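To start, the structure itself, in structure tokens.
Hydrogens, waters and symmetry mates are skipped; everything else that's a heavy atom, side chains included, is used. As the structure is a prediction and not an experimental result, all values here were calculated from the model. Sequence lines set the chain letters: A, B, ... in the order given, protein chains first and strands last, and positions in each chain run from 1.
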There are 2 protein chains.
Amino acid sequence: MYIFALQMNIYSMKNKVQRQLEIRKIIQKGNIHSQEELLTELKHKGFELTQATLSRDLKVLQVAKTTHPAKGYVYTIHKNGHSEPTPAQNRVNYLADGFQGIQFSGNLAVVKTIPGYASSIAAVIDQTSPWEIIGTVAGDDTILIIQREGISKNDLVAALVTIMPKLKGRI
Amino acid sequence: MYIFALQMNIYSMKNKVQRQLEIRKIIQKGNIHSQEELLTELKHKGFELTQATLSRDLKVLQVAKTTHPAKGYVYTIHKNGHSEPTPAQNRVNYLADGFQGIQFSGNLAVVKTIPGYASSIAAVIDQTSPWEIIGTVAGDDTILIIQREGISKNDLVAALVTIMPKLKGRI
DNA sequence: GAATAAAATGTATATTTTTGCACTACAAAT
DNA sequence: ATTTGTAGTGCAAAAATATACATTTTATTC
């Protein structure tokens, strides 16, 4: 006498690819805070799996767990290849040409620029919002940078160079 | 007979800011696969802390744990935090709604606002001219507030709430 | 079809990460 | 000086996540 393993229900089984696609979608909507939570949502949509499998899927999909200031921990996913040549970079390099000098006083740094460049350069800095800098105020040819407490000149300079590589050696 | 808690080693204590800077640096070099590993490295550099504190630091720094095809799990940090686009919210036209955050550095406070709101909000502050504030400088989305000497963060926050009651609880 | 190999998944467990609580150091207020 | 408030931290426990191993499913070959 033989015992046969039960065959899977033909209707129900959605395959791995479909499942991972769905995971991708759900995460992009962006309100997932734990695997359990995601698991529940997947089950609602008819997928059957365990947390272990989910963990493996997330690994494959290169999903990351990070922090959102308000929401606590959040899972995020890269839309796709994240190595962009970014035309933004060119613009940044162009802006760096407007940079004329920097001086420090206490927790402030004052950047001098070619007239008219200040606000654009400040915008780039703000956009990047490096941790070392808590804010900037720009006039026409001057940017005031307020450093985070405890930051050294070198740290700040390093941060600026990170943003505008062309500045390297010029500060 | 009394038992005294041991004082912290005067030499050793490096503060939080320094520590988080170091964490940032280490992670940017990009070969950290677990908090324990990072912890070890930090200890080598003379920082004393536990994994629990590290976990909290990583949260503040918005460090993410993700997967690298080859390296397994890796901790990464955003230079430019992928800022939330703030879905065009049904924002009423109250100025306080333009308020996005405040940070302090020395005797300065930096207020971040929704683009375009800074000067209006600053104008309101100037008009009220609270004793705690010597003056303000506004850009497009940033206000620099220069505090009177001896004023605490709380005092300043209180002053702002007085001016804009809606801020209560939001600062 | 049966036999075998490879891939996918579940179970149980190990590992890692997060957090509630208590305590200390320090700043601010009285 | 004393009190009060708060940020920073360690400890221990909880919660979340990853994985070794066993089992099932799918694919491949005869």
What is the distance, rounded to the nearest whole Å, between atom [atom1] of [X] and atom [atom2] of [N]?
X       : N       : atom1 : atom2 : answer
I23(A)  : dT17(D) : CD1   : P     : 13 Å
F47(B)  : dG8(D)  : CZ    : P     : 15 Å
L156(B) : dA27(C) : CG    : C1'   : 17 Å

For [X], side chain to side chain contact (heavy atoms under 4.5 Å, CB included) partners two or more places apart:
X      : result
Q51(B) : Q35(B), E36(B), L39(B), S55(B)
A52(B) : T50(B), R56(B)
A64(B) : A64(A), T66(A), T76(B)
E41(A) : I26(A), K29(A), I32(A)

A correct 5'-to-3' footprint of nucleotides 10-20 of chain C, with B, S and - meaning base, sugar-phosphate only and no protein heavy atom under 4.0 Å, is BB----SBBBB
Do any side-chain nitrogens or oxygens of R19(B) fall under 4.0 Å of OP1 or OP2 in dG8(D)? no
Could you give the angle between the helix axes at the two ends of the helix from dG1(C)-dC30(D) to dT30(C)-dA1(D), with five pairs per end, rounded to 10 degrees? 30°
Residues two or more places apart in sequence or in another chain: which of them pass salt bridge (Lys or Arg N to Asp or Glu O under 4.0 Å) with K59(B)?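 Salt bridge (Lys or Arg N to Asp or Glu O under 4.0 Å) list for K59(B), sorted by chain: empty.
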Passes side-chain contact (heavy atoms from CB on, under 4.5 Å), I23(B) versus I77(B)? Steps please. CA-CA 10 Å; I23(B) 290 174; I77(B) 193 162; over 6 Å; no
Qualifying residues under side chain to side chain donor-acceptor pair (under 3.5 Å), relative to T142(A), sequence neighbours excluded: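 Per chain and number, T142(A) pairs via side chain to side chain donor-acceptor pair (under 3.5 Å) with K112(A).
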According to side chain to side chain donor-acceptor pair (under 3.5 Å), who are the partners of Q103(B), at least two apart in sequence or on a separate chain?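 So Q103(B) forms no side chain to side chain donor-acceptor pair (under 3.5 Å) with any residue.
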